[in-house]
Amino acid sequence: MLMQLCKTNKLVIQINYSQLLTDYSIVKFSTTENYIKYGALILDEVGLKLSAKSIVFERGKSFYVLFDKNFISNIDLFKQLEKIEDGDKLSFKILDLNETKKIKQHSITQLVVNSIATPKHERLTYNNLTGKLYLFNTNHLRISKSKDKEQIFKIIGLEFYIDPNSCLQLNVKTFSNLLLNKSMDFSKKKMSAYPKYTFVHSTNTLRRILPSEKVSIDNQYILKQSIKKGTIEKSNIPFLDFSNLKEFKNSKIGILNDILNTINQKLSNYLQLDFKGTNIDHTIRHSNLFDFNNFDEDILLIDGIKDDYSNEYLESIKTELKKIIPNSRIKVSKAEDKYSFNIKLIHNKSFYLKYEHKDVYKPSLYIQHITLEDFKTNSKASLKAIVKELVIKNDINKNQVSIIDWSSFNFENNWIFGIRDKTDFYFLTIEPNGKIEFEKFESDLFNQNEYDELCDIYNENTNIEFIVKDDIGNVNIITRTNNYTIPEYQKISSILEKESREISITKSQVINAVNQVFDKEKASEYETQIISLENWNKDSLLNCFKNRIEKKKVVEKIQKDTGEILKSYFRDKTRYEILDSQLDIHSFKQDNSYYYFVGIKGKGIQQTISRASVIREITVYKNSEYIFDKLLPLMNVDFVKNGDLTVLPFPIKFLREWIKY
DNA sequence: GCTGGGTGGTTCCTTGGTAG
DNA sequence: CTACCAAGGAACCACCCAGC
């Protein structure tokens with residue numbers, strides 16, 4: 001069950017420089033001006049584009065171009081540059097081996113990778129645009145088919161970007177057709193300032209439009225989103241989908257799998273890309289720690305409206321609440337009571353605004369407000385959220401953790417959690433018995449040293465999320481990184497690919513397996529059914545087995561004997577082999593630093609994992625010891641994030657709540 | 001049998017600002 | 001003219017059942 005190795009998006013890059021320069025020439029263009037006037041356009045203008053394999057920019061002042069060796073040795077680049085406006089401001093240099101080796105690793109890798117071209121017969125796959133590599137997929141086009149005409153109005157692509165730390169980033173980018181210009185905001189940046197792209201049907205790629213060109217508006221795209229109902233739209237490509245091969249290929253990891261295969265096929269002479277793996281040191285599997293059935297406190301429902309309807313409304317809330325927390329005593333009451341859990345019914349903001357009443361909403365640690373207009377009594381999710389918030393508020397009031405049994409963690413020391421909010425620091429101390437204490441830490445004369453020290457910690461890295469201390473002064477600092485974990489995409493791809501193939505085994509092979517798996521009676525029953533099947537395919541075969549346990553038995557037997565995959569089972573216990581990088585809580589040590597990541601709950605996973613698991617780094621402050629491993633169970637709760645594991649220890653939630661009041 | 005409502009934390013998509 | 005970074009905020013998820 002313990003995962004051995006986990007891939008991360010950090011790339012291990014090997015470049016065969018001498019082979020690269022045997023086949024290609026790399027030219028660096030730069031300007032003495034502030035920027036290159038035509039930037040990416042230059043290559044198109046000069047006609048060099050015909051043989052330029054790829055471009056990558058360093059910044060706006062210089063860029064590298066990969067040329068075929070034969071081409072560049074036969075062309076007088078000077079003469080080409082003379083032809084263009086301001087070409088004399090632009091200088092270039094054909095790089096030798098040493099100079100090539102000096103290019104930053106992420107830039108040279110990106111340059112080589114950018115050179116993979118789309119095969120002519122495929123529509124929109126790889127596209128080197130303005131120094132970037134976009135991966136396209138026809139399933140991510142937004143097309144309208146009115147008036148017998150197919151109009152692509154959005155092209156959603158995945159940018160394959162190797163960041164300065166040589167980590168792979170897969171960024172979603174949306175190109176919108178200019179026909180949508182009425183629903184775009186050009187107040188901050190004029191439409192004319194955006195680079196324009198056009199879809200070229202002959203090459204099936206996007207390319208920049210030259211200033212001299214006239215392209216009709218319905219084939220012009222810019223990198224910008226449209227606005228719908230006053231808010232900006234957002235495109236989304238799920239991180240991983242293993243429902244079937246098609247959905248997999250549409251997901252980020254599926255797209256990644258495809259491009260890595262292409263890179264291996266076409267560029268293996270020059271480049272080897274691997275993801276850095278890491279050994280997992282510590283794993284915590286999800287288990288439910290908070291149970292609504294255990295909740296047995298008094299709840300008061302307070303009527304802040306007092307009209308004909310509101311009392312009835314509260315009564316219905318009472319009925320619904322009773323179902324969720326059967327062991328609590330719920331009363332409709334006139335006034336709140338400091339010693340109970342108060343839920344107060346009021347109107348929402350717009351109601352008070354509309355009727356020019358004073359809004360009675362006052363944030364309070366004793367009262368959870370609900371609004372008549374927005375709160376749905378029959379929503380279990382919202383009722384649960386209310387109860388959960390009440391418990392947390394009550395815990396903060398009473399200075400005692402009760403939402404889960406803190407003493408069950410068997411801590412032997414106090415833990416101190418700290419976060420920064422604007423210029424102040426806030427601390428929460430929790431004793432082994434769950435007693436808590438909050439503290440706002442402002443700068444004053446007496447604590448200046450400690451305050452300055454905290455500021456130093458925070459100023460060193462802007463991405464710090466929180467710090468933890470034990471009571472003997474060990475400090476661990478937690479920051480979000482740009483890294484995420486990568487699942488076993490090759491295995492997933494291979495299994496889904498096999499699953500999607502036509503059936504290759506014969507009926508008699510299946511019958512043979514059925515006979516080995518089931519007793520005589522059952523086997524012969526299935527045998528007649530299988531023999532009489534008219535359409536011999538995986539679906540029809542699988543439909544013979546009504547019971548999914550029996551279905552799985554046959555699928556596994558056949559896979560073992562013949563290698564044929566009738567159906568994939570990623571969600572069963574094998575998930576911990578292939579998908580563990582996306583599941584539950586893990587920590588590891590790498591190159592003298594400590595890291596952790598939290599995925600989705602392993603039990604009962606769905607077929608889509610919409611987001612990556614972000615890796616967080618734990619920095620050990622000065623001479624401190626690494627203490628965070630003991631706190632990993634504090635993420636093993638699903639009450640903070642409504643069904644999902646929380647990514648930060650749950651006391652951080654307490655701290656943020658306390659700051660609000 | 002399928003869709004959608006409802007919750008808030010978190011991720012990540014988009015944009016703007018600034019440096020080179 | 002583009003890379004890089006940070007800020008802001010939309011969309012996502014689970015879970016479960018009402019309502020079509």
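Remember, predicted model here, so these are calculated numbers, not experimental data. Below, each value reflects all heavy atoms present in this structure, side chains not excepted, and no hydrogens, waters or symmetry copies. Just so we're on the same page: letters track the sequence lines, and every chain starts at 1.
Using modelled atom types and a 3.5 Å distance limit, the side chains of S402(A) and D395(A) yield a donor-acceptor pair. Side-chain contact check for Y134(A) and K173(A): no donor-acceptor pair (N or O, by modelled atom type) lies under 3.5 Å. Judged purely by distance below 3.5 Å, without hydrogens or angles, the side chains of S226(A) and S176(A) never pair a donor atom with an acceptor atom. Remark: the Q225(A) side chain and the S235(A) side chain contain an N/O donor-acceptor pair separated by less than 3.5 Å.
Regarding K234(A), its NZ atom lies at a distance of 10 Å from the C1' atom of dC12(C), rounded to whole Å. Across the protein-nucleic acid pair, H369(A) atom NE2 and dT7(B) atom C1' stand 18 Å apart, rounded to whole Å. Going from atom CZ of F639(A) over to atom P of dT10(B) covers 11 Å, rounded to whole Å. Straight-line distance from the CD1 atom of I386(A) to the P atom of dT7(B): 8 Å, rounded to whole Å. Summarising the geometry, the separation between CD on Q225(A) and P on dG9(C) is reported as 16 Å, rounded to the nearest angstrom. For the pair L645(A) CG and dA14(C) P, the computed distance is 12 Å after rounding to whole Å. Put simply, OH on Y134(A) is 11 Å from P on dT14(B), counting in whole angstrom units. Atom pair E389(A):CD and dT7(B):P shows a separation of 12 Å (rounding to whole Å applied).
A 6.0 Å sphere centred on NZ of K104(A) holds no more than 12 heavy atoms belonging to other residues, nucleotides or ligands. Sparse packing is recorded around CZ of R656(A), with 12 or fewer heavy atoms of other residues, nucleotides or ligands lying under 6.0 Å away.
At dT14(B), one or more side-chain N or O atoms of T174(A) fall inside 4.0 Å of OP1 or OP2 (strictly under the cut-off). In this structure, S235(A) reaches the dT14(B) phosphate: one of its side-chain N or O atoms is under 4.0 Å from OP1 or OP2. Distances shorter than 4.0 Å separate none of the side-chain N or O atoms of K224(A) from OP1 or OP2 on dT14(B). Contact between the side-chain N/O atoms of R656(A) and the OP1/OP2 oxygens of dT10(B) is found at a separation under 4.0 Å. Look at T646(A) and you'll find a side-chain N or O under 4.0 angstrom from OP1 or OP2 of dT10(B).
Between H140(A) and the options L135(A), I156(A), T174(A), V172(A), a side chain to side chain contact (heavy atoms under 4.5 Å, CB included) holds for only I156(A). When each of I253(A), L579(A), T608(A) is checked for a side chain to side chain contact (heavy atoms under 4.5 Å, CB included) with F242(A), only L579(A) meets the rule. The residue from F63(A), Y35(A), F29(A) that alone fulfils the ring pair (Phe, Tyr, Trp, His ring centres under 6.0 Å) condition with F57(A) is F63(A).
Listed nucleotides dA10(C), dG9(B), dC1(C) differ in distance to Y35(A); the shortest reach to its side chain belongs to dC1(C). In this structure, the nucleotide among dG8(B), dT10(B), dT14(B) sitting nearest to the side chain of K653(A) is dG8(B). Closest to the side chain of K188(A), out of dG20(B), dC13(C), dG16(B), is dG16(B). Out of dC12(C), dA10(C), dA3(C), the shortest distance to the side chain of R59(A) is found at dA3(C). The listed nucleotides are dA11(C), dT11(B), dT2(C); the one nearest the side chain of V647(A) is dT11(B).
Counting any heavy atom pair closer than 4.0 Å across all strands shown, K252(A) reaches sugar-phosphate atoms only and no base atom. Using a 4.0 Å heavy-atom cutoff across all strands shown, K132(A) reaches sugar-phosphate atoms only and no base atom. Residue contacts shown for T608(A) are absent, as no nucleic acid heavy atom lies under 4.0 Å away. No engagement by K189(A) is indicated, since no non-hydrogen atom pair under 4.0 Å with the nucleic acid exists.
Once the 5.5 Å centre distance and the 30° plane angle are applied, the aromatic ring of F57(A) is found not to be stacked with the base of dT2(C).
The aromatic ring centroids of F438(A) and F654(A) lie 6.0 Å or more from each other.
The distance from the CG atom of D584(A) to the CG atom of L632(A) is 12.0 Å, given to the nearest 0.5 Å.
Relative to the axis of its first five pairs, the axis of the last five pairs of the helix from dG1(B)-dC20(C) to dG20(B)-dC1(C) sits at 60°, rounded to 10 degrees.
Scanning atom types as modelled, no donor and acceptor separated by under 3.5 angstrom connect the side chain of R611(A) and the base of dC12(B).
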Could you list the protein-to-nucleotides 5-7 of chain C atom pairs, N/O on both sides, closer than 3.5 Å?
| residue | atom | partner | partner atom | Å |
| --- | --- | --- | --- | --- |
| dA6(C) | OP1 | T462(A) | OG1 | 3.3 |

